[in-house]
Amino acid sequence: MLDNLGNLERSHTCGELRAANVGEQVVLMGWVANRRDFGNLIFVDLRDRDGITQVVFELMAFTEMVQETLISADGQIEFFTEIYDKAESLRNEFVIAVSGTIVARKENSVNAKLKTGSIEVIATELRILNDAKTLPFELEVAGLQNLASEDTRLKYRYLDLRRSQLQNNIRMRSKAVTRIREFMDALDFVEIETPILLKSTPEGARDFIVPSRIHTGKFFALPQSPQILKQITMIAGFDKYYQIARCFRDEDLRADRQPEFTQLDVEMSFANQETVYRIIEGFFRHVFKLIDVELPEQFPRMTYAEALRRFGSDKPDLRFEMELQDLSETLKDTDLEPFKSVLKNGGEIKAIVVKGKADYSRKQTDDLQEFVKIYGAGGLGWMKLGVPIKANFKAENLFPNSYLTDLPNFREFAKKHLSAEEGDLVLIVAGKKSVVAASLGALRVEIARRENLIDKNAYKPLLVTEFPMFEYNDQTGNYDAAHHPFTSPMDEDLETFKRAIENESERDLLGQVRAKAYDAVINGYECAGGSIRIHQKEIQALNFKALGLSIEKARERFGFFLDALEFGTPPHGGFAAGIERTCMILCGTENIRDVMAFPKTASAQDLMMDSPGAVDNSQLNELGIKIVE
RNA sequence: GGGAUUGAAGCACAAAGGCUGUGCGUCCGAUUGUCUAUCGGAAAGGUGCGAGUUCGAUUCUCGUCAGUCCCGCCA
């Protein structure tokens, strides 16, 4: 029934034949994407990784297209019963090999939708290399409104991956990684592999842990990132390190987050921020050429503080405006609640102006109200600068002196303090600074999405600099490392840093210390992050103290690293870039699963292989592990 | 840990407190210029699972499972 491949070899892929190939004998192999049966004439769309080529099977060779080649010299019509019967038995996703002649299609039967649409293959031999069951879902059909649901497609991931979109994405990713290697190699970086089996350090994200059989009761941990090891390659004198490194974090998933992911991990000796920025910029510039996008030689820069102030986010999407505007000063004497008490408690009042959207309905603003509540905002103030002006708060309380007392004066207020015009919608959030930033920053992005304000062809990179060194932890009352515990404070803030540590009463100064830490942001995605590290043990010791980590604890966790730091550590720094997030932008998708061959679901399962799974008791016994119910 | 949302034939989707249905796919037949073709016919089989309300639930309620998105989390 099925044929053997035998010694047949493929001559072309299904995407490369053109009018110039007319007359050639070719051998194509691939999958049957579609079959159109006309009784004595069958068209098969043959698909491989490269594209689709139309193959023609005729019972009798008498069309004008093939006259010259297939009708015998004496004018006898040739019948091709055997091959034709075979062609009739073809079904979607059968794997076949076709030998045949390339002919030009007549002008009126050219298919402009196909790269190969000007030609077709008249089959002279057909080998059915494998059959296929009817697929559990359709791959790609013209007019198909919706793909099968994602869980079905994830279960049959190998089928979903046949779709051209995923094929293209995974190929793009491969090209990107190749380009990265080219780029790093040309700059004399050394690719060094670091262990996957590491030691757990209870900092940061949850570790995935791996039990040791030989050392019963002890565990390895998978790397959250090769941070310490890459720093050690600097101490080891490699000067420039890189790795395409798999990282593992046992945290909840998001549209752009999976428990395992890949980073370009880079570290350089004798480098300051500028040195690293040049590599980051160069790397992204090089990779984005894959999609014919020329990123600027120097990325725009913005401090963390400025990003938060203007955009309410440390990863602002610069493809659209709608910046946050501060009304705290303007309204400092207001009597209007809750603005008044917010200001009294050290909070702030900020607003965004949505151009031309004064016609938002009550339902729409209610929707937005609910949206900001997700981020902890108490509510959303709004002013619709239409005719008449509408607002969900009263003007007479807004200004204590009441030189503005009626509604039309909102117009002047909005014009003067927010540059808002007739027809605009003003949205206001008041509250704790962090809540205002989070809610209004998210609202800014949400509205841009809803209102289609984002140019899909724009690519806006940004370097966000001067990240804070520490984050206050409400739960423990301590300051945690905002980046990681080896990040260097900024030289300018070194005095503050020391004072905060030496005087218990000035501990809160830690919140003001800035780090030599930075992110690269593209289109609102954090695509890379890094820092200059501490290379002197005194500063490192101070930092542990700031983090509330005793010398003993620090030694227990990073003793080997502290030792290493004492043997002549060069100044060094680096970054890690998210391969998936970068590829998401290159591929124009908003979902990380679209750039990973075998992703997991939002609940961290693999539906294809059904992992994670149980293990045999014998395995557990060998590891000395008991499952507690 | 929490919130939102979805779950009906192989796939997608409409509908409605009482009968479910449509498109695609599948199968059979016809068909020599289609491009996911056209025409005719057929099969298949059901509202994730459990409980409750009800004369009656796919619809309402609760729980649970699964997908997606988000908050928390992600040094």
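In what follows, every chain begins at residue 1, and chains take the letters A, B, ... in the order their sequences are listed.
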Output a table of nitrogen or oxygen pairs between the protein and nucleotides 64-70 of chain B separated by less than 3.5 Å.
unit_1, atom_1, unit_2, atom_2, d
B/G67, OP1, A/Thr601, OG1, 2.9
B/G67, OP1, A/Ser603, OG, 3.0
B/G67, OP1, A/Gln605, OE1, 3.4
B/G67, OP2, A/Ser603, OG, 3.0
B/U68, OP1, A/Ala602, N, 3.3
B/U68, OP2, A/Ala602, N, 2.7
B/U68, O3', A/Arg593, NH2, 3.1
B/C69, OP1, A/Asn591, ND2, 2.7
B/C69, OP1, A/Arg593, NH1, 3.3
B/C69, OP1, A/Arg593, NH2, 3.1
B/C69, OP2, A/Arg593, NH1, 3.4
B/C70, OP2, A/Ala255, N, 3.0

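With both pairing distances under 3.5 Å, B/U59 is matched to nothing as a Watson-Crick or G-U wobble pair. The pairing partner recorded for B/C13 is B/G21, the criterion being a Watson-Crick or G-U wobble arrangement whose two distances lie under 3.5 angstrom. Base-pair partner of B/C39: B/G29 (Watson-Crick or G-U wobble, both distances under 3.5 Å). Judged by Watson-Crick or G-U wobble contacts below 3.5 Å, the nucleotide B/C73 has no partner. Under the Watson-Crick or G-U wobble criterion, with both distances below 3.5 Å, B/A66 is paired with B/U6.
Every residue two or more places apart in sequence or in another chain that forms a side-chain contact (heavy atoms from CB on, under 4.5 Å) with A/Lys363 is listed here: A/Ser361, A/Asp367. Taking the side-chain contact (heavy atoms from CB on, under 4.5 Å) definition, one finds that A/Ala528 meets it with A/Phe284, A/Ala520, A/Phe575, A/Ala577, sequence neighbours left out. Every side-chain contact (heavy atoms from CB on, under 4.5 Å) that A/Ser118 has, sequence neighbours left out, goes to A/Ala19.
Between the side chain of A/Arg35 and the base of B/C35 there is no donor-acceptor pair of N/O atoms closer than 3.5 Å. For A/Arg36 against B/U32, no side-chain N or O and base N or O form a donor-acceptor pair under 3.5 Å. On a pure distance criterion of 3.5 Å, no polar donor-acceptor pair joins the side chain of A/Glu251 and the base of B/G72. Residue side chain A/Gln54 reaches the base of B/U34 through a donor-acceptor N/O pair under 3.5 Å, judged by distance alone. For B/C74, its base sits under 3.5 Å from the side chain of A/Arg257 at one donor and acceptor pair at least.
Residue A/Lys373 places no side-chain N or O under 4.0 Å from the OP1 or OP2 atom of B/G3. Checking the phosphate oxygens (OP1, OP2) of B/U32, a side-chain nitrogen or oxygen of A/Asn40 falls inside 4.0 Å. OP1 or OP2 of B/C27 lies within a sub-4.0 Å distance of a side-chain N or O belonging to A/Arg91.
Relative orientation of the A/Phe470 and A/Tyr479 rings is perpendicular, given thresholds of 30° and 60° on the angle between their planes. The aromatic rings of A/Tyr375 and A/Phe371 lie tilted to each other, with the angle between the two planes from 30° to 60°.
Between A/Phe57 and A/Tyr84, the closest heavy-atom pair is O-CE1, 3.6 Å. The two residues A/Leu139 and A/Leu159 come nearest to each other via the heavy atoms CD2-O, 3.4 Å.
Comparing the P positions of B/G3 and B/G63 gives a spacing of 10 Å, expressed to the nearest Å. Here, B/C55 and B/C13 have their P atoms 35 Å apart, quoted to the whole Å. For B/A43 and B/G33, the C1' atoms lie 31 Å apart once the distance is rounded to whole Å. Taking the C1' atoms as reference points, B/G41 lies 35 Å from B/U59, given to the whole Å. B/C60 sits 12 Å from B/G18 when the P atoms are compared, rounded to a whole Å. Comparing the P positions of B/A66 and B/C73 gives an interatomic distance of 24 Å, to the nearest angstrom. B/A8 and B/A15 are spaced 15 Å apart, taking the P atom of each and rounding to whole Å. The gap from the C1' atom of B/U54 to that of B/G2 amounts to 33 Å, rounded to the nearest Å.
Within the structure, salt bridge (charged side-chain N to carboxylate O under 4.0 Å, His left out) pairs that include any residue of residues 591-603 of chain A comprise A/Glu150-A/Arg593, A/Glu260-A/Lys600 (at least two apart or interchain). Within the structure, the salt bridge (charged side-chain N to carboxylate O under 4.0 Å, His left out) test picks out no pair touching residues 541-550 of chain A (sequence neighbours left out).
Atom-to-atom, CZ of A/Phe57 to P of B/G33 comes out at 18 Å; the value is rounded to the nearest Å. Whole-Å rounding puts the A/Tyr525 OH to B/C74 P distance at 21 Å. If you take CZ of A/Arg249 and P of B/C74, they are 10 Å apart, rounded to a whole angstrom. Summarising the geometry, the separation between CZ on A/Phe137 and C1' on B/A12 is reported as 13 Å, rounded to the nearest angstrom. In this entry the distance linking CG of A/Asp207 with P of B/C74 reads 13 Å, nearest Å. Computed from coordinates, the A/Leu139 CG to B/G10 C1' distance equals 13 Å when rounded to whole Å. Taking atom CZ on A/Phe248 and atom C1' on B/C74, their separation rounds to 16 Å, with Å as the unit. As a whole-Å value, the separation of A/Leu135 CG from B/C27 P is 12 Å.
Comparing A/Asn92 and A/Asp480 along RNA chain B, the residue whose closest nucleotide (by nearest heavy atom) sits nearer the 5' end is A/Asn92.
At the heavy-atom level, A/Ala442 lies nowhere under 4.0 Å from the strands shown. Using a 4.0 Å heavy-atom criterion, one finds that A/Asp252 contacts the bases of the nucleic acid, with or without backbone contacts as well.
B/U34 has A/Phe43 stacked on its base ring, the centres lying under 5.5 angstrom apart and the planes within 30 degrees of parallel.
Checked against B/U36, B/C11, B/U31, the side chain of A/Phe38 finds its nearest nucleotide in B/U31. Counting only heavy atoms from C-beta on, A/Asp45 has its side chain closest to B/C35 among B/A12, B/C35, B/G25.
Contact check on A/Arg514 versus A/Glu466 returns a salt bridge, with a Lys/Arg side-chain nitrogen under 4.0 Å from an Asp/Glu carboxylate oxygen.
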